[in-house]
Amino acid sequence: MKTKDKKHIVVLGGGFAGVESVFRLRKLGHKVTLVSDRDYCFVYPISIWVPVRKINFDDVKLPLADLQKVHKFNLIIDKVKSIVSKENKVILANQTIEYDYLIVAFGGSKLPHPGLEHTFSICGKPEQSLKIRDKFDELLKRGHGKIAVGFGGNPKSPTGVRGGPAFELLFNFISTLKQKKLYDKFEITFFAPMKEPGARMGGEGLKMLDKAYKRHEVNERIGIKIKRFEY
Ligand SMILES: Cc1cc2nc3c(=O)[nH]c(=O)nc-3n(C[C@H](O)[C@H](O)[C@H](O)COP(=O)(O)OP(=O)(O)OC[C@H]3O[C@@H](n4cnc5c(N)ncnc54)[C@H](O)[C@@H]3O)c2cc1C
């Protein structure tokens with residue numbers, strides 16, 4: 001594609017991938033339309049502070065309209081229903097748009113483990129961080145409880161695991177409970193099916209994690225396949 005090509009590029013998805021694509025394409029001078037069913041880009045990495053009330057949910061949202069003002073792209077807030085590639089069309093809930101080139105950046109989702117509906121995920125929809133916060137508030141009010149944090153992975157693609165958010169959330173819970181002098185009233189468990197969760201951080205990282213589990217008396221359920229979640 002030539003740099004000054006004036007063809008219409010449609011980007012589906014207003015997360016990091018979609019927004020970054022829009023910025024790059026606009027810098028190259030293209031006509032770009034961003035379609036997102038959320039009117040904000042959710043800054044997932046800082047959402048780990050929502051459940052422990054160190055940041056407000058609204059502060060994790062980057063309004064797409066603000067980005068539009070700076071980068072001058074077309075913005076459509078609507079849900080994509082289907083893509084008709086033979087006709088270069090995208091069917092949205094409220095309109096149909098045409099494109100010359102299409103970028104699909106819808107993000108990922110988890111395989112539906114049985115019972116997943118009984119869990120909350122900091123990597124899920126943005127509102128999940130609020131649900132975790134409300135549930136954690138309930139436990140704090142009650143003054144005792146059990147919290148299990150963990151992650152899964154694909155045994156066929158061990159390098160594809162991203163456990164960082166789970167570790168960050170786990171240690172945020174631990175430090176909040178300690179600050180509130182409630183830690184001895186809670187049972188904390190960390191679970192993961194692989195033998196060395198966090199291996200991507202390297203040997204030193206693994207040793208530090210192990211020390212932290214022991215120091216905070218975290219129950220470890222490691223190397224055991226997740227079958228289902230029950231409640
Ligand atoms: C707690 C946490 C910490 C993290 N820390 C880091 C880090 O330090 N470094 C790092 O590189 N990564 C980190 N990540 C991962 C990173 O946040 C994700 O990889 C990134 O957000 C994925 O961006 P995305 O644009 O692909 O998807 P998403 O952010 O999921 O965006 C998808 C977009 O598509 C839209 N969409 C979906 N379906 C439709 C539809 N049908 N119609 C219209 N729009 C639709 C959604 O509304 C959304 O705007 C972290 C993640 C979490 C949860």
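Side chains included, hydrogens not; waters and symmetry mates left out as well; all remaining heavy atoms used. One-based numbering along the sequence shown. We count ligands from 1, going down the list as the structure has it; atoms in each ligand are counted the same way. The structure displayed is predicted, hence computed values, not measured ones.
Residue-level proximity to ligand 1 for Val80 is carried by backbone and side chain together, each with a heavy atom below 4.0 angstrom.
At a cut-off of 3.5 Å, with distance as the only test, a side-chain donor of Lys178 or His216 sits close to an acceptor on the other residue.
Of the options Phe167, Tyr40, Tyr44, the smallest heavy-atom separation from atom 17 (O) of ligand 1 is shown by Tyr44. The option with the heavy atom closest to atom 53 (C) of ligand 1, from among Ile77, Leu92, Ile122, is Ile122. For atom 34 (O) of ligand 1, the choice among Gly13, Cys41, Ser82 with the nearest heavy atom turns out to be Gly13.
For Tyr99 and His8, the ring centers sit 6.0 Å or farther from each other. Between Phe42 and Phe57, the distance from one ring center to the other falls under 6.0 angstrom. Annotation: Phe151 is not in aromatic contact with Phe191 [ring centroid separation under 6.0 Å not met].
Between Gly14 and ligand 1, an N or O atom pair is found at a separation short of 3.5 Å.
Nearest non-hydrogen protein atom to atom 44 (N) of ligand 1 is Asp37 N, 3.1 Å. Nearest protein heavy-atom neighbour of atom 30 (O) of ligand 1: Gly107 CA, 3.8 Å. Looking from atom 31 (O) of ligand 1 to the surrounding protein, the closest heavy atom is Gly15 CA, 3.3 Å. Among all protein heavy atoms, the one lying closest to atom 2 (C) of ligand 1 is Pro165 CG, 3.4 Å. If you check which protein heavy atom lies closest to atom 25 (O) of ligand 1, you get Ala17 N, 2.9 Å. Nearest non-hydrogen protein atom to atom 20 (C) of ligand 1 is Phe16 CD1, 3.9 Å. The single protein non-hydrogen atom nearest to atom 14 (N) of ligand 1 is Pro45 CG, 4.2 Å, given as residue, atom name and distance. Closest to atom 38 (N) of ligand 1, if we only count protein heavy atoms, is Phe106 CD2, 3.6 Å.
A cation-pi arrangement, defined by a distance under 6.0 Å to the six-membered ring centre and an angle within 45 degrees of its axis, is absent between Lys131 and Phe120.
Protein heavy atoms are absent from the space less than 4.0 angstrom from atom 9 (N) of ligand 1. There is no protein heavy atom less than 4.0 angstrom from atom 12 (N) of ligand 1. Distance remark: protein heavy atom present below 4.0 angstrom from atom 51 (C) of ligand 1. Distance remark: protein heavy atom present below 4.0 angstrom from atom 6 (C) of ligand 1.
Contact annotation: the side chain of Leu75 never approaches that of Leu67 to less than 4.5 Å [non-hydrogen atoms, C-beta and beyond]. Residues Val35 and Val90 have side chains not in contact (no heavy-atom distance under 4.5 Å, counting atoms from C-beta outward). Within the 4.5 Å cutoff, the side chain of Ser129 has heavy atoms near those of the Ile122 side chain.
In summary, the atoms of ligand 1 found under 4.0 Å from a heavy atom of Ala105, numbered by their order in the structure, are 32 (C), 33 (C), 34 (O). The contact set between ligand 1 and Ile48, taken as ligand atoms under 4.0 Å from a residue heavy atom, comprises 1 (C). Counting the atoms of ligand 1 from 1 in the order shown, those under 4.0 Å from a heavy atom of Asp78 are 43 (C).
At least one heavy atom of Ser36 sits closer than 4.0 Å to an atom of ligand 1. The shortest heavy-atom distance from Val19 to ligand 1 is not under 4.0 Å.
Salt-bridge formation is detected for the pair Lys79/Asp37: a Lys NZ or Arg NE/NH1/NH2 atom is positioned less than 4.0 Å from an Asp or Glu carboxylate oxygen.
Atom CZ of Arg228 has 12 or fewer heavy atoms from other residues, nucleotides or ligands within 6.0 Å. Within 6.0 Å of CD in Glu217 there are 12 or fewer heavy atoms belonging to other residues, nucleotides or ligands.
Going from atom CD of Glu20 over to atom SG of Cys41 covers 10.0 Å, rounded to the nearest 0.5 Å.
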request  = Mind running salt bridge (charged side-chain N to carboxylate O under 4.0 Å, His left out) on Glu87 and Lys89 for me, showing each step along the way?
outcome  = CA-CA 5 Å; Glu87 296 173 27; Lys89 283 184 182 162; 3.5 Å; yes
